[in-house]
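What you see is a predicted model; the values in this text were computed from it and never measured. Just so it is clear, the values below take in all heavy atoms, side chains as well, and ignore hydrogens, waters and symmetry mates. The sequence lines fix the lettering, A, B, ..., with proteins before strands; numbering per chain opens at 1.
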Amino acid sequence: MAKFDAALFDSGFAIGSTHYDDHYHPDEQQNRIVLTIEPVTNKYSPTKMIVDTGAPWCILDPYLAEAWDVTSNSDRAPLTSLTIRGETRTGRLLRASILLQATNGEDLTVEATFFIPFIDPDEEWTYPNFLGLSGFLDRIRFAVDASENAFYFGSVIDAV
Amino acid sequence: MSLNYPEVGTRTPNQAPLRKAVRQDETSTGTQNPLLLAIEEAAAREDRAAVSRLIKKADWRSYGPDDLIRAMQSCLFLDMVLVARELAYQGRHLFPNDKKIEQWAIVLSPPRVIGTRPASGNAVSLKASQEWFETNSSRYKGQWVAVREGKLLGAAPKLKELHEQVGPDQRTSDTIIVKVLY
């Protein structure tokens, strides 16, 4: 149980909390908030995603997007481009439901917008997965307690 | 993370990749409409105020769905998600039967909380798997790995190869599948 579960759950700020990782991969020299996110669109395993308030959309590895069944019937999905670590990539914007797993309290399911980049055949996507602001974060409440890597979350809409 | 660039952003100095992709997309009309050119030029200058002003001033009833889409793409070049969203909603009102506009309106809509449910009870398994990643994942750089309850189920350079090692019955909500990056 996270230290502020009772206070934040009772106040209605949060409905759940979860433990987050500090790093997306082991040799990173920078701390991050890395959550475990589960797809709802398809029965498949969760993956790791970095919380990034500077990213407009959630970004998912295209191979994982296919496994999650996010990209089926995506031929007409809106095209846009995105600059990721200085590299401009083109891709499609797609909608998919994901689940934020709670360590304590309740899980939260959110329909989010993903940027799924185009890749060349046999190209591997070499960037992390991200949870972006306009695509995911701006309809949830969240708070972070770095002292115990606790991520508290709830919905901005009370009646879910 | 690069120190020279923001981690992620829609702003790009080079719109060529998107323009090329749009030309390949059948939805593009390729019209040389003065308003759209002015919006795109303002976007190229990163003049958000001009883009916003041109979009708000335009009477979109005299334009087609593809014109609205071009304007929305210009907005997204500059991270102007709210202006693009407003335009998508306007397009939905003007062209209620247009499937492309409807798709834009859907993806530009705010995220939607669908529901809640009691925690799945995977916490112990996931915590053990997180610890596995901290300790062991550096040995699997560049590979896809599947980990459950702190134990490695499989590792492979390609996701489809991992799927051959880890069948559908093991790809459950208490298994984490992730690519270990360099």
Exercise. Ignoring hydrogens and geometry, is there a side-chain-to-backbone donor-acceptor pair from Q101(A) to L126(B) under 3.5 Å?
Worked result: no
Exercise. Between F115(A) and chain B, which part of the residue has a heavy atom less than 4.5 Å away: side chain, backbone, both or neither?
Worked result: neither
Exercise. Does atom CD of Q143(B) have more than 12 heavy-atom neighbours, drawn from other residues, nucleotides or ligands, at distances under 6.0 Å?
Worked result: yes
For this session: Indicate yes or no for a side-chain donor-acceptor contact from Q73(B) to the backbone of L79(A) under 3.5 Å, with no hydrogens or angles considered.
Result: yes
For this session: Name the region of V178(B), side chain, backbone, both or neither, that has any atom closer than 4.5 Å to a heavy atom of chain A.
Result: both
Exercise. Quick one: are K158(B) and E124(A) in side-chain contact, heavy atoms under 4.5 Å?
Worked result: yes
Exercise. With side chains defined as the heavy atoms from C-beta onward, is the minimum distance between R95(A) and S109(B) less than 4.5 Å?
Worked result: yes
Problem set entry | Portion of K141(B) that has a non-hydrogen atom of chain A nearer than 4.5 angstrom | side chain
Seminar exercise, completed: Cut-off 4.5 Å, heavy atoms of chain A, and the answer for N136(B) is neither
Exercise. Quick check: does any side chain N or O of S45(A) sit under 3.5 Å from a backbone N or O of I176(B), one acting as donor and the other as acceptor?
Worked result: no
Problem set entry | Among D21(A), I140(A), T109(A), residue most engaged with chain B (heavy-atom pairs, under 4.5 Å) | T109(A)
Exercise. Non-hydrogen atoms of chain B under 4.5 Å away: do they reach the side chain of L94(A), the backbone, both or neither?
Worked result: backbone
For this session: Give, as side chain, backbone, both or neither, the part of K99(B) having an atom under 4.5 angstrom from any heavy atom of chain A.
Result: neither
Seminar exercise, completed: Applying a strict 4.5 Å limit to non-hydrogen atoms, the region of T47(A) in contact with chain B is both
Problem set entry | Side-chain heavy-atom pair E66(A), L159(B) within 4.5 angstrom cut-off | no
Exercise. Less than 6.0 Å separating the ring centroids of Y63(A) and H163(B)?
Worked result: no
